[in-house]
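Here is the structure we will look at.
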Amino acid sequence: EVQLVESGGGSVEAGGSLRLSCAAAGVSCRYKYTGWFRQAPGKEREGVAAIYVSGGGTSSPIYADSVKGRFTISRDNAKNTMYLQMNSLKPEDTAMYYCAAENGGGRWNDRWAYNYWGQGTQVTVS
């Protein structure tokens, strides 16, 4: 059984930082993308960042333009945990943040391409 559990959300002032964690269990490592998405009230769920794993096993980060230079995605394979370090937070970063796993071959920011989702963690920037 696949489980994704996010944590680390909270309320911060603009300019502050948060680190989100996504603890994964049962996730297959053979898929290309594992990512973070967010959804603000009244808006579509959007891709924030993802880790791309090539056929040779090399991993590299991908970011949405809106978070480049401020957010960093990483993962600790030994702990089966993915992270999203968020710095220089802005009010427009306020959203529910979700981790997503097992992209079946779609674009990294295509929400419909992921097989599994966590329950989300709220980030509020004032």
Side-chain angles (χ1 to χ4, degrees):
E1 180 185 0
V2 173
Q3 284 190 324
L4 301 172
V5 180
E6 301 98 332
S7 61
S11 297
V12 296
E13 293 184 350
S17 299
L18 284 172
R19 188 176 81 153
L20 307 184
S21 298
C22 174
V27 173
S28 172
C29 61
R30 64 184 176 91
Y31 287 86
K32 287 184 179 180
Y33 300 110
T34 307
W36 285 98
F37 283 70
R38 67 186 181 188
Q39 188 167 16
K43 293 188 176 182
E44 294 289 319
R45 190 169 298 189
E46 63 175 357
V48 176
I51 292 176
Y52 167 71
V53 180
S54 71
T58 303
S59 62
S60 56
I62 304 171
Y63 299 99
D65 288 343
S66 59
V67 306
K68 277 182 183 176
R70 300 188 298 123
F71 291 11
T72 302
I73 189 172
S74 63
R75 70 180 182 188
D76 184 332
N77 291 331
K79 295 182 178 180
N80 291 324
T81 302
M82 183 171 66
Y83 303 97
L84 186 68
Q85 177 67 43
M86 307 186 295
N87 299 329
S88 303
L89 283 162
K90 305 175 181 180
E92 51 263 45
D93 294 318
T94 295
M96 185 72 78
Y97 283 71
Y98 301 89
C99 64
E102 296 195 359
N103 181 311
R107 298 188 310 275
W108 75 270
N109 56 353
D110 179 358
R111 60 174 293 190
W112 304 109
Y114 289 83
N115 292 334
Y116 297 101
W117 294 84
Q119 83 289 348
T121 185
Q122 178 68 39
V123 171
T124 303
V125 185
S126 59

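All values below come from the heavy atoms of this structure, side chains included, with hydrogens, waters and symmetry mates left out.
- For Gly9 against Leu18, the heavy-atom pair with the smallest separation is C-CD1, 4.4 Å.
- The heavy-atom pair separating Val48 from Phe71 by the smallest distance is CG1-CD2, 3.6 Å.
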Practice item. Assess whether side chain to side chain contact (heavy atoms under 4.5 Å, CB included) is satisfied between Arg19 and Leu84, documenting all intermediate values. Key: CA-CA 6 Å; Arg19 188 176 81 153; Leu84 186 68; over 6 Å; no
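- Not a single donor-acceptor pair under 3.5 Å links the side chain of Asn103 to the backbone N or O of Lys32.
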Practice item. Evaluate the criterion side chain to side chain contact (heavy atoms under 4.5 Å, CB included) for residue pair Ser21 and Thr81; output intermediate values, then yes/no. Key: CA-CA 7 Å; Ser21 298; Thr81 302; 4.2 Å; yes
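- Panel note: side chain Gln39, backbone Tyr97; no donor-acceptor pair is recorded below 3.5 Å.
- Identified under the side-chain hydrogen bond (donor to acceptor under 3.5 Å, both in side chains) test for residues 82-95, with sequence neighbours left out: Ser17-Asn87, Arg38-Asp93, Arg70-Asp93, Gln85-Asn87.
- Between Ala50 and Trp108, the closest heavy-atom pair is CB-CE3, 3.6 Å.
- Listed by chain and residue number, Ala14, Val125 satisfy the side chain to side chain contact (heavy atoms under 4.5 Å, CB included) test with Pro91 (two or more places apart in sequence, or in another chain).
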Exercise for review: Verify side chain to side chain contact (heavy atoms under 4.5 Å, CB included) between Glu6 and Leu20, making sure each step is shown before the conclusion.
Suggested key: CA-CA 7 Å; Glu6 301 98 332; Leu20 307 184; over 6 Å; no
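- Note that CG of Asn77 is 11.5 Å distant from CE of Met82, once rounded to the nearest 0.5 Å.
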Exercise for review: Take Asn109 and Glu46 through the side chain to side chain contact (heavy atoms under 4.5 Å, CB included) test and state the conclusion after the steps.
Suggested key: CA-CA 7 Å; Asn109 56 353; Glu46 63 175 357; over 6 Å; no
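- The shortest distance between side-chain heavy atoms of Ser59 and Val53 falls below 4.5 Å.
- Between Pro61 and Ile73, the closest heavy-atom pair is CB-CG2, 3.6 Å.
- Shown here are the side-chain hydrogen bond (donor to acceptor under 3.5 Å, both in side chains) partners of Asp76, two or more places apart in sequence or in another chain: there are none.
- Applying the side chain to side chain contact (heavy atoms under 4.5 Å, CB included) criterion to Asn80, with sequence neighbours excluded, gives no partner residue.
- Sorted by first and then second residue, the ring-ring contact (aromatic ring centres under 6.0 Å, His included) pairs with a member in residues 34-68 read Tyr33-Tyr52, Phe37-Tyr114, Phe37-Trp117; sequence neighbours excluded.
- Ala40 meets the side chain to side chain contact (heavy atoms under 4.5 Å, CB included) test with Lys43, Ala95; sequence neighbours excluded.
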